[in-house]
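Here's the structure, in structure tokens; my notes come after.
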Amino acid sequence: MRQRKSIYHNIDWWLVIMYLLLVSMGLFSIYSAVYNPEHPSLFDRSQRYGMQFVWIATSVILAFIIMMIDMKFFTSFSYLIYGVAMLLLVAVLFFGKEIAGSKSWIHIGRFSLQPAEFAKVATNLALARYLSGLNINLKKPRNVIIAATLLIIPLGLILLQNDTGSALVYVAFILVLYREGFSGNFLILGFVIVILFVFTLMAGKYLVLGVITAITIVLFLITQKVRKNLFTLFSIFAIIVAFVFSVDYAFENILQEHQKTRIEVLLGKKTDFHGAGYNVHQSLIAIGSGGLSGKGFLQGTQTKYKFVPEQSTDFIFCTVGEEWGFLGSSLVIIMFITLFIRLLYVADRQRSAFSRIYGYGVASILFFHLAVNIGMTIGLSPVIGIPLPFFSYGGSSLWAFTILLFIFIKMDSYRLELL
Amino acid sequence: MNSDFTRRKYVIISIFLVIGLVYIARLFYVQVYEDKYILSAQNNVIRKQIIYPTRGLIYDRNFNVLVANDVVYDLMIIPNQLKSIDTNQFCNLLNISKKDFLKYYTKARKYSPYKASLFMGQLPKEEFSYLQEILYDFPGFYVQKRTLRRYPFSVAALNLGDVGEVSRKDLKRDSYYKLGDYIGKSGLEKYYERVLRGSKGSEYVMVDVFNRVKGSYKDGRFDTLAIQGENLYTGLDLELQAYGETLMQNKIGSIVAIEPSSGEILSLVSSPSFNPAMLVGRKRGKNFNLLVKDSLKPLYNRALMASYPPGSTFKLINALVGLEEHAITAQTKFSCEGPESTPIKCTHYHDTPLSLVYGIQQSCNPFFWQVFKSILNNPKYSNTHKAYEKWYAIVKSFGLGEKFNTDLMYESRGNIPTAEYYDKLYRGRWNALTVRSLSIGQGEILITPIQLANMTAAIANRGFYYSPHLVRAINKPDNYTLSAKIKNNIPVDKKHFEKVIEGMEHVAEVGGTAWRASLDSIIVCGKTGTVQNPHGKDHSVFIAFAPKENPKIAIAVVVENAGDYGGTWAAPIASLMMEKYFYGEIKRKKKEKRILDADLIPR
């Protein structure tokens with residue numbers, strides 16, 4: 001009795017309220033996106049909004065269950081949970097059903113489940129567990145390799161399902177590693193790689209090589225006196241040259257045709273409004289036609305009349321942009337960023353490293369989804385099919401995000417019990 | 001514990017904030033700054049549907065409908081929205097080959113992949129109702145209602161004109177038209193296009209990605225109604241026109257009948273004629289080619305475009321000029337030596353010497369040569385040139401040698417040679433003898449049948465005419481058009497007309513050159529003409545009006561290559577026309593049969 005009371009007292013209500021707000025906004029966006037005048041009830045389960053309501057209701061129940069579970073369950077069983085999740089990812093490769101080119105769904109009776117969504121939670125738990133161990137130092141290669149392995153296993157398995165989007169989410173954990181002491185150079189390296197990649201594809205490899213050579217010569221002339229840097233400088237130069245060539249090769253030979261086209265469309269090298277560019281073009285039209293204050297609830301034409309594909313799942317942000325305009329869509333972004341910063345704040349007040357690392361994981365995963373999903377709808381990132389947390393239609397993703405978040409809320413509420 | 005890295009929190013927060021700000025900035029650009037997406041969104045969703053007005057009807061003078069409308073359905077295509085369809089089934093439904101399908105599709109796609117264009121025009125009602133039921137299986141196609149011309153009577157094809165798809169030139173000239181629209185191509189349809197077409201309305205509807213209509217845009221706030229075309233009330237007499245076309249079967253030529261008191265054209269027959277319905281609907285192109293290639297040129301409106309020397313009918317004008325100029329009087333007598341006459345022979349046997357009235361009745365060439373000589377040698381004028389100019393002015397005042405510029409399309413001017421023309425031709429040395437052919441309506445002088453009929457109307461009116469026109473009123477029977485009211489006066493005294501008319505009266509009596517033209521109780525005034533034709537047999541010409549007092553009809557008949565005097569063929573045709581006009585039926589069946597049986601087409 002005493003314990004239950006304390007649980008409620010220590011809940012971070014900010015996070016809970018923001019969760020509820022985002023989920024409700026998501027529900028109304030779905031209602032508007034697939035509105036069917038013959039079934040106007042929000043709770044009509046023949047429609048997607050009716051089903052999303054069911055997912056939300058069950059998510060709330062899940063949240064309650066998580067709040068009831070003893071905190072020790074998550075710390076003690078984190079590797080076990082991780083193991084089960086990995087087994088599910090393997091199982092999906094054998095028993096999964098292929099939908100839209102990806103083999104990522106398991107069907108149990110009438111329900112279908114996407115293990116990749118839950119694998120994020122499990123990986124976050126396992127990573128937090130490992131990194132919070134004693135004597136773990138991310139300057140030690142051995143520790144880095146083990147941590148990376150924890151991430152690469154699910155990433156690889158999901159890639160095998162041909163679900164590139166969900167696999168890429170694991171890149172987000174680089175932020176967690178960085179926070180826990182991993183060298184910042186890797187963040188910069190990642191940034192440089194992206195820049196080089198984009199410029200090589202846009203400007204051609206010879207121009208990029210020319211610029212790189214010029215910079216190296218200039219640096220060489222400036223740093224001539226410091227002989228010991230010479231080796232580093234030329235090694236970096238060699239690596240960059242090799243990278244530029246491999247980008248070109250990889251792009252032409254390794255990427256699948258649709259991935260190539262998506263990237264080319266994004267970089268503005270191709271305009272193809274009816275093929276690969278269609279989704280982004282229509283998405284931009286929907287969002288762009290919203291103007292400053294939007295067309296109003298249920299007044300959006302582009303999404304309702306199905307010009308935007310996947311308008312209730314991956315492209316749900318189009319409905320927000322079209323019906324609530326710049327004001328509404330900015331508000332959504334601000335709410336998300338506020339949620340992330342709040343998560344970091346709450347994470348940093350944790351006394352246990354496990355909870356803190358887990359909290360950073362939650363923020364990083366959600367951030368990656370937001371950045372890629374909204375970036376895709378406004379033409380700033382390639383079309384990668386991952387959901388917008390709490391908004392996109394779908395039981396698996398909503399449950400997974402809810403579990404992800406509420407485990408952390410549970411951890412946070414437990415922080416005072418620790419001593 | 002890794003608390004040494006606490007400050008790294010701020011790097012991560014910065015990344016969050018930077019991405020957030022970049023996205024908000026991008027949203028600002030896309031949603032607030034850039035306008036094109038709003039337009040694209042409207043293009044996606046809003047379809048403008050054209051509502052076509054019904055074209056105005058065309059009536060005859062007794063309010064019979066000459067041109068009506070039929071509803072047809074055009075199959076339209078929006079190439080972009082074409083999904084993979086069962087082409088075989090589709091082709092079978094429309095009864096077209098796969099090759100045709102591709103041809104129509106390519107043409108539409110060339111015009112615009114995302115705008116609607118015509119796939120197949122003018123489906124009959126039965127085909128439409130069947131098609132409509134299965135069309136939802138074929139996204140990218142829809143059916144558009146249109147009206148097509150229908151002709152309750154097969155008459156006056158050339159006068160009424162035809163309607164066809166707009167040409168590239170029309171599209172450029174007038175932005176009202178869109179590809180696949182219909183426009184008047186000839187005749188009244190062309191001249192009164194703006195009146196007949198009305199004005200298109202439009203309706204804005206919202207469609208989804210499958211082009212299914214989802215409702216009207218903003219409750220129809222921007223919709224406009226179609227305005228129906230206005231009706232034309234012509235002066236044509238359906239029965240007379242139809243009868244004229246029947247009489248002219250197997251003959252080449254024209255009949256023009258005018259109501260002298262108004263200038264309204266009662267009938268305008270050009271033969272051979274054709275059924276106006278030939279140029280309607282899907283077979284239009286094929287039939288048009290047939291008509292173009294026809295050696296008898298049915299598309300050539302002889303009544304307006306063919307010009308002939310007027311022959312002896314022109315003697316009336318010379319007589320009027322002579323009287324007005326006092327070159328002769330009604331009593332002036334000239335003698336005739338019959339075939340021995342110089343410089344022009346006489347082809348008739350009659351008493352001599354003779355004066356004007358008898359001269360007209362007998363169409364005596366020597367008499368009119370003397371008249372013409374008197375005009376050009378008139379002591380009033382210092383020289384032939386001046387006298388000729390006066391003659392020229394009066395001749396022109398009859399509407400000869402000029403277009404009327406009313407609602408008649410493609411008129412020829414005809415030709416009345418000027419004094420300057422002869423000056424140039426004969427290097428200034430010419431006199432009455434040089435141009436003597438003009439005295440009997442031959443030579444350079446050329447007159448169209450409509451001018452001939454109008455000249456007759458002017459004589460019937462004793463000195464004035466209203467410019468001949470087809471349409472008298474628009475929209476309401478009494479809303480007269482401007483071109484229906486152009487009155488022209490002739491500078492010849494009325495009493496001179498009476499003398500000439502007296503002569504014309506005798507023409508149509510027993511003993512006159514056109515005894516075949518006479519009617520029982522109505523006095524017919526006429527004049528025959530035989531037009532020498534260097535290319536073949538002579539043309540037969542006859543002009544007449546009736547009754548003598550208060551004339552109701554003036555008529556000109558030209559039968560090409562009839563090879564006989566005007567009195568033989570042209571006069572009885574004019575007479576039958578007048579009988580039809582006055583009595584509504586033909587009692588002289590034998591006379592009618594003679595004309596109907598005659599085949600005067602040179603072969």
Side-chain angles (χ1 to χ4, degrees), chain A residues 131-132 136-138 175-176 178-182 184 187 274 281-282 284-295 300-302 304-309 321-322 325-327 329-330 333-334 336-338 340-341 344-345 347-348 353 356-357 360 363-364 367 370-371 374-375 378-380, chain B residues 1-47 79-83 113-114 139 204-218:
Chain A
L131 292 181
S132 61
I136 296 293
N137 185 342
L138 284 178
L175 289 177
V176 180
Y178 169 70
R179 171 65 181 81
E180 295 306 315
F182 191 50
L187 269 189
H274 299 295
H281 182 62
Q282 293 297 344
L284 274 171
I285 288 174
I287 294 174
S289 67
L292 180 68
S293 54
K295 299 176 185 168
T301 49
Q302 305 301 301
K304 205 162 51 177
Y305 296 155
K306 302 182 179 62
F307 288 97
V308 178
E322 189 181 10
F326 173 68
L327 297 179
S329 39
S330 306
I333 291 180
I334 290 169
F336 268 109
I337 302 290
T338 313
F340 303 157
I341 293 176
L344 295 192
Y345 168 80
D348 272 314
R356 181 186 67 237
I357 298 166
Y360 269 84
S364 303
F367 169 72
L370 174 94
I374 294 185
I378 57 180
L380 287 181
Chain B
M1 288 288 230
N2 289 313
S3 44
D4 330 340
F5 302 112
T6 310
R7 273 169 50 218
R8 290 194 169 181
K9 174 173 86 172
Y10 299 108
V11 175
I12 297 175
I13 289 177
S14 306
I15 294 174
F16 290 178
L17 287 176
V18 166
I19 293 286
L21 284 174
V22 167
Y23 281 18
I24 288 174
R26 169 74 173 168
L27 282 170
F28 183 82
Y29 173 78
V30 169
Q31 297 188 295
V32 181
Y33 179 77
E34 181 66 83
D35 288 338
K36 71 172 182 193
Y37 296 113
I38 294 172
L39 284 177
S40 308
Q42 288 177 347
N43 281 344
N44 265 348
V45 171
I46 301 167
R47 274 290 167 278
N80 249 4
Q81 292 173 353
L82 210 64
K83 297 274 149 57
Y114 53 91
Y204 293 88
V205 294
M206 297 201 288
V207 295
D208 69 3
V209 72
F210 307 112
N211 209 31
R212 290 183 299 220
V213 174
K214 288 293 183 178
S216 77
Y217 176 64
K218 299 235 160 146

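Letters A, B, ... mirror the listed sequences (proteins, then strands); counts begin at 1.
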Partner chain B: residue of A/G184, A/G291, A/S330 with the largest heavy-atom pair count (under 4.5 Å):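 Highest number of heavy-atom pairs under 4.5 Å: A/G291.
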
Contact winner vs chain B - A/V308, A/L370, A/D348, A/L284, heavy-atom pairs under 4.5 Å: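 Most heavy-atom pairs under 4.5 Å with chain B: A/L284.
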
With heavy-atom distances below 4.5 Å as the criterion, would you say the side chains of [X] and [Y] are in contact?
X	Y	result
A/R179	B/T6	yes
B/V45	A/F307	yes
B/F16	A/L175	yes
A/Y360	B/I12	yes
B/I19	A/I337	no
A/F326	B/I24	yes

Partner residues of A/Y345 under the ring-ring contact (aromatic ring centres under 6.0 Å, His included) criterion, sequence neighbours left out: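 Partners of A/Y345 by the ring-ring contact (aromatic ring centres under 6.0 Å, His included) criterion come out as none, since no residue qualifies.
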
Test ring-ring contact (aromatic ring centres under 6.0 Å, His included) applied to B/Y204 - qualifying residues, sequence neighbours left out: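 With sequence neighbours excluded, B/Y204 shows a ring-ring contact (aromatic ring centres under 6.0 Å, His included) to no residue whatsoever.
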
Which atoms of B/I15 approach chain A - backbone, side chain, both or neither, heavy atom under 4.5 Å: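 It is both, since atoms from each part get that close.
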
Backbone of A/L292 reached by a side-chain donor or acceptor of B/Q31 within 3.5 Å: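 No, B/Q31 side chain to A/L292 backbone: no donor-acceptor pair under 3.5 Å.
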
N/O donor-acceptor pair under 3.5 Å between B/Y23 side chain and A/A371 backbone: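 The answer is yes, because a donor-acceptor pair under 3.5 Å joins these two groups.
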
Geometric cation-pi criterion B/R8 and A/Y178, 6.0 Å radius, 45° cone: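 Output yes; distance and angle both within limits.
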
For the [atom1] atom of [X] and the [atom2] atom of [Y], what is their distance to the nearest 0.5 Å?
X	Y	atom1	atom2	value
B/Q42	A/I285	CD	CD1	11.5 Å
A/S329	B/L27	OG	CG	4.5 Å
B/S40	A/Q282	OG	CD	8.5 Å
B/Y37	A/E322	OH	CD	14.0 Å
A/L344	B/K9	CG	NZ	7.5 Å

Closest heavy-atom pair and its distance - A/T301, B/M206: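 Looking at all heavy atoms of both residues, the closest pair is CG2-SD, 3.9 Å.
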
Considering all heavy atoms, the nearest A/G181-B/F5 contact: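 Closest approach of A/G181 to B/F5, heavy atoms only: CA-CE1, 3.4 Å.
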
Winner by heavy-atom pair count (cut-off under 4.5 Å) against chain A, out of B/Y29, B/Y33, B/F28: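 So the answer, after comparing B/Y29, B/Y33, B/F28, is B/F28.
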
